[in-house]
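Below is one structure, written out as structure tokens, with a few remarks after it.
Hydrogens, waters and symmetry mates play no part in the numbers below; they use all other heavy atoms, side chains included. In the text below, chain A, chain B and the rest are named by the order of the sequence lines, each starting its count at 1.
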Protein chains: 2
Amino acid sequence: MGPTMHDVARVAGVSVKTVSNVVNEYQHVKAGTRSRVLAAIDELGYRPNLTARGLRSGRTGVIRLAVPDIRQNYFAELADEIIRAADRRGLGVLVQQTGGDRERELEILAGRSLQMTDGLLFSPERLGQEDRDLLDVPFPLVLLGERIFGGPTDHVTMHNISSASAAVQHLVEVGRRRIAVLGAHPDGRETLRSSDLRVRGYRQALDAAGIPYDPDLVRVTAPWHRENGAHAMRLLLRAGVEFDAVFALNDTLALGALRALGEAGVAVPEDVAVIGFDNIDEAHFAVPSLSSVDPGRAKIAGIAVDLLVERIEEKGERRPPRRIKPDFGIVRRESTGFPQPRDVRLDDSSGTALS
Amino acid sequence: MGPTMHDVARVAGVSVKTVSNVVNEYQHVKAGTRSRVLAAIDELGYRPNLTARGLRSGRTGVIRLAVPDIRQNYFAELADEIIRAADRRGLGVLVQQTGGDRERELEILAGRSLQMTDGLLFSPERLGQEDRDLLDVPFPLVLLGERIFGGPTDHVTMHNISSASAAVQHLVEVGRRRIAVLGAHPDGRETLRSSDLRVRGYRQALDAAGIPYDPDLVRVTAPWHRENGAHAMRLLLRAGVEFDAVFALNDTLALGALRALGEAGVAVPEDVAVIGFDNIDEAHFAVPSLSSVDPGRAKIAGIAVDLLVERIEEKGERRPPRRIKPDFGIVRRESTGFPQPRDVRLDDSSGTALS
DNA sequence: GACTCGGTTTACAACGTTGTATATTCTCGT
DNA sequence: ACGAGAATATACAACGTTGTAAACCGAGTC
């Protein structure tokens, strides 16, 4: 254990509180005293004990981020943005993984595990609308993603329907009419999962373009891993259904699909155009480079941290929960016939929505 | 702020210490007392305050992991393994990023930032052998990676030379003799960086196979990003140097190289065989799938956490620093002519049409 | 020279927990 | 019945920090 304020106080010949005042840059400390204390701090190599400070203040300066799996590109990139945003505000980020396990997600909410943190950013993968009441937890919580709506917490999500619709519209604009979907969810009923929302956007775009809906083109694929994208693509090719474009509900599926198309000798984008969702870094470097929906990840991270900090600093009255969706954009790349990557910003609802 | 032990004690009609004893599963508590306390805990929804516990015990149950950039596959996968290993031991992981910035790396070591942690796992990217003395820090530290050797701390690294040599030997075994290297470092002198070590392994393998060394085949490429891999590959193709294989010093470079080879219409592995290093998840799903060196990441993570825990629990005398290198393996995939077994794990219903 | 009033410094308690030492109760053998 | 010794429960202090209130100091005022 390093030296404490008491050690510094003894060396400098002052009281502990004076040391504390110097450390906390309190105004009314005489210059001479200050420099004596600073010298002692330097001499002893004193560092404030944040645990003790945390006990006094009730704050730790650390927030938790709980995601399904940090290896998934989307979450790695999200974590990166969140760590940066938190760092700018002087906060550390403790990362936890649920591995897409419902029990683990419940544990996270129960605060059963580590709670030496000021708040939680939570991106659930198995909890659903029916678990909404579990979100009423006794600590600051901001929800990420689209599995639960209308809960008692702040919620940062994306324009799933309209951005999916814009993606499909982009395929229509490059002349496609038989557009397959990869990544639908087995459950027939339309729910509030992102897969269902994105499929809804797909149907809206078809309607708007006057293209009939063909259920054979909507392929069930879960979970959204690369191999599943490839597998679903192979099945679709084998099924003999005619199609000239693919809308993959995330980039990872799309990259798997690119692989399967490559294996089968199908040219992209000549024979089949492909667009993904998430705009992960890798989309830029795939062969061919992958067009995608950019959901505004950096903004999502910044807003999420801001909301959480707001909640942490909230005194008495709790303001009502907010739901925020950043702007999205369609990134046109080779897989839909745009050789030079060009980022185009679209927005169906001018500015950050607040609901 | 939630209820404290004092609240529980009052409700249960016992002393705080008895509550503490129940919470800590101390042996000698009468069954009746225990159940009364547990009932009170339940009624109030009491949760122990880990900050206070940390102050008493001097332990926080949290370790820091500092890596250059969590978005890089290697580090995401390393972080994943470390979070799992730490979780198994009841530890949380606070993730920090240095962004490959020397100043940030120095700050990390200075403990200037957050030190409400029990120890640090540190993977530097800019510090080098000359900074060895800076590693003598007043908190438990385990070093990851190969930028600094012989420092005063425990160090988990890999068999860079022999595994690189094995990779090249694998290329020789599949009949290649003109083997290019992607990812060498500009600095001429051989140092202890992983790039230099891996190039040394390359030369050893050439010597062993009786293949002459051709400096034109060793391409300087830094940093190790996908686009640089593609760029270096394009330059090599344009340079008119003859080659029938590529050893990329990491998988990310190799994936970039695959892209450039694809663009140029060069067949992999028929015209050029490619092997990478790190065996990131993505190598498995590239087109074609990428052969690679598996450095034993899971073991690295487990050992690193174990060493750190050992240091944290160390009482008086400090044992001398250890250096540990897990076993490595060569993973043979399509890019060196080994067709990939289709091991697909999926949902029952995956890949089918929605209707 | 007593008095006021800021600036400066201090002692003390408190944050919530657990180790130590001590007190109380129980169990058992004689 | 009566200790001996174990089992059970308690009071108090301490971890390192900071808020509170009070004390101290020096200079200006009457």
Going by salt bridge (Lys or Arg N to Asp or Glu O under 4.0 Å), name the pairs with one or both residues in residues 115-139 of chain B, residues two or more places apart or in two chains.
B:Arg102-B:Asp131

What is the nucleic acid contact for B:Arg53, judged by heavy atoms within less than 4.0 Å: base, sugar-phosphate only, or nothing?
sugar-phosphate

Of all of residues 30-43 of chain B, which get a heavy atom below 4.0 angstrom from DNA chain D, listed by number?
B:Lys30, B:Thr33

Mark yes or no: B:Arg64 above the aromatic ring of B:Phe122, with NZ or CZ under 6.0 Å from the six-membered ring centre and no more than 45 degrees from the axis.
no

Apply the test side-chain contact (heavy atoms from CB on, under 4.5 Å) to residues A:Leu144 and A:Thr157: give CA-CA distance (whole Å), side-chain angles for both, the deciding distance (0.1 Å), then the verdict.
CA-CA 6 Å; A:Leu144 302 172; A:Thr157 177; over 6 Å; no

Once you round it to whole Å, what is the distance between C1' of C:dA23 and NE2 of B:His28?
16 Å

Interface with DNA chain C, restricted to residues 10-25 of chain A and to heavy atoms under 4.0 Å
A:Val14, A:Ser15, A:Lys17, A:Thr18, A:Asn21

Once salt bridge (Lys or Arg N to Asp or Glu O under 4.0 Å) is applied, what residue pairs with a partner in residues 79-93 of chain A remain, sequence neighbours excluded?
A:Asp80-A:Arg84, A:Asp80-B:Arg71, A:Asp87-B:Arg104, A:Arg89-A:Asp306

Answer yes or no: is there an ion pair linking B:Arg297 with B:Glu77, defined by an N-O contact shorter than 4.0 Å?
yes

Excluding sequence neighbours, so at least two apart, what forms salt bridge (charged side-chain N to carboxylate O under 4.0 Å, His left out) with A:Arg10?
A:Asp7

Rounded to whole Å, how long is the line connecting atom CZ of A:Arg56 with atom P of C:dC12?
16 Å

If you compare all heavy atoms of A:Val37 against all heavy atoms of A:Val8, which two are closest, and at what distance to 0.1 Å?
O-CG1, 4.1 Å

With a 4.0 angstrom cut-off to heavy atoms of chain B, pull out the first and last contacting nucleotide of DNA chain D, in 5'-to-3' order.
D:dA7 to D:dG16

The complete set of ring-ring contact (aromatic ring centres under 6.0 Å, His included) pairs with one or both residues in residues 42-77 of chain B, sequence neighbours excluded, reads none

Apply ring pair (Phe, Tyr, Trp, His ring centres under 6.0 Å) to B:Tyr26 and list each qualifying residue two or more places apart in sequence or on a separate chain.
B:His28

What is the bend of the helix from C:dG1-D:dC30 to C:dT30-D:dA1 when you compare the axis at one end with the axis at the other, using five pairs each and rounding to 10°?
60°

Contact summary for A:Pro321 and A:Gly151, nearest pair of heavy atoms:
CG-O, 4.0 Å

Only distances under 3.5 Å count here; give the side-chain donor-acceptor pairs of residues 298-305 of chain B to other protein atoms, sequence neighbours excluded, each with its distance to 0.1 Å.
none

Contact list for residues 22-42 of chain A, test salt bridge (Lys or Arg N to Asp or Glu O under 4.0 Å), sequence neighbours left out:
none

Report the residues that fulfil salt bridge (charged side-chain N to carboxylate O under 4.0 Å, His left out) with B:Asp154, sequence neighbours left out, ordered by chain and then residue number.
B:Arg311, B:Arg319

